[in-house]
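These numbers come from the heavy atoms of this one structure, side chains and all, not from hydrogens, waters or symmetry mates. Here, residue 1 is the first one in the sequence, and each next residue gets the next number.
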Amino acid sequence: MITTDDVAASLIELTAAVAKEGQAEAVSIPIVTDDRKVAQAELVIGVGNDVLSAPLEWHDEEPDFSRAAAELKDHRLFPRPHLRAVEADASDDDEPLDYDFDQPTEA
């Protein structure tokens with residue numbers, strides 16, 4: 001199957017995350033067929049389902065599959081960075097913070 005780099009990278013990360021949870025799920029991704037048409041591929045990812053991504057030289061205009069990559073990243077099991085609360089720097093006393101709304105966070 002041929003797809004864009006962002007879809008492939010998102011699919012690999014999601015597959016690993018689903019497998020880590022001991023699950024398998026069906027997903028749909030956009031692909032480019034041998035005759036250069038856009039189509040959908042249905043895949044089962046997660047436990048027992050390996051996904052391989054390899055580079056391919058592409059000379060045509062790259063299709064915009066960014067929406068599909070975003071949908072994969074919106075999956076409930078897609079890895080997300082954890083935010084943690086940090087204390088404000090003691091030297092920044094110019095303006096008081098309202099911790100109900102303005103609590104500083106660090107990615």
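- Residues Ala39 and Thr33 come closest through the heavy atom pair CB-CG2, 3.7 Å.
- With contacts defined as side-chain heavy-atom distances shorter than 4.5 Å, the pair Phe65/Val38 qualifies.
- Residues Val18 and Val27 form no side-chain contact, since every pair of their non-hydrogen atoms from C-beta on lies 4.5 Å or further apart.
- Once rounded to the nearest 0.5 Å, the distance linking CG of Asp64 with OG1 of Thr4 reads 8.0 Å.
- Residue pairs that meet the side chain to side chain donor-acceptor pair (under 3.5 Å) test with at least one member in residues 42-53, sequence neighbours left out, are Ser28-Glu42.
- Grouping the Ile, Leu, Val, Met, Phe, Trp and Tyr side chains by contacts below 4.5 angstrom, directly or via other members, places Val47 apart from Phe78.
- Heavy atoms from other residues, nucleotides or ligands lying under 6.0 Å from CZ of Arg80 number more than 12.
- With rounding to the nearest 0.5 Å, the separation of CE in Met1 from CG in Leu52 is 10.0 Å.
- Crowding of Gln40 atom CD: a count of heavy atoms from other residues, nucleotides or ligands under 6.0 Å exceeding 12.
- Under a cut-off of 6.0 angstrom, the local environment of CG in Asp34 is sparse, with at most 12 non-hydrogen atoms contributed by other residues, nucleotides or ligands.
- When each of Thr3, Val32, Val7 is paired with Pro63, the side-chain contact (heavy atoms from CB on, under 4.5 Å) condition holds for Val32 and for no other.
- Contact annotation: the side chain of Val51 never approaches that of Leu43 to less than 4.5 Å [non-hydrogen atoms, C-beta and beyond].
- Separating the CZ atom in Arg36 from the CH2 atom in Trp58 is a distance of 4.0 Å, to the nearest 0.5 Å.
- Considering CG of Leu56 and CG of Asp5, their distance stands at 9.5 Å, rounded to 0.5 Å.
- Taking the side chain as every heavy atom from C-beta outward, Arg76 and Glu21 never approach each other to under 4.5 Å.
- Between Leu14 atom CG and Glu71 atom CD the span is 12.0 Å, to the nearest 0.5 Å.
- Summarising the geometry, atom CD1 belonging to Ile29 is positioned 9.5 Å from atom CD1 belonging to Ile45; distances are rounded to the nearest 0.5 Å.
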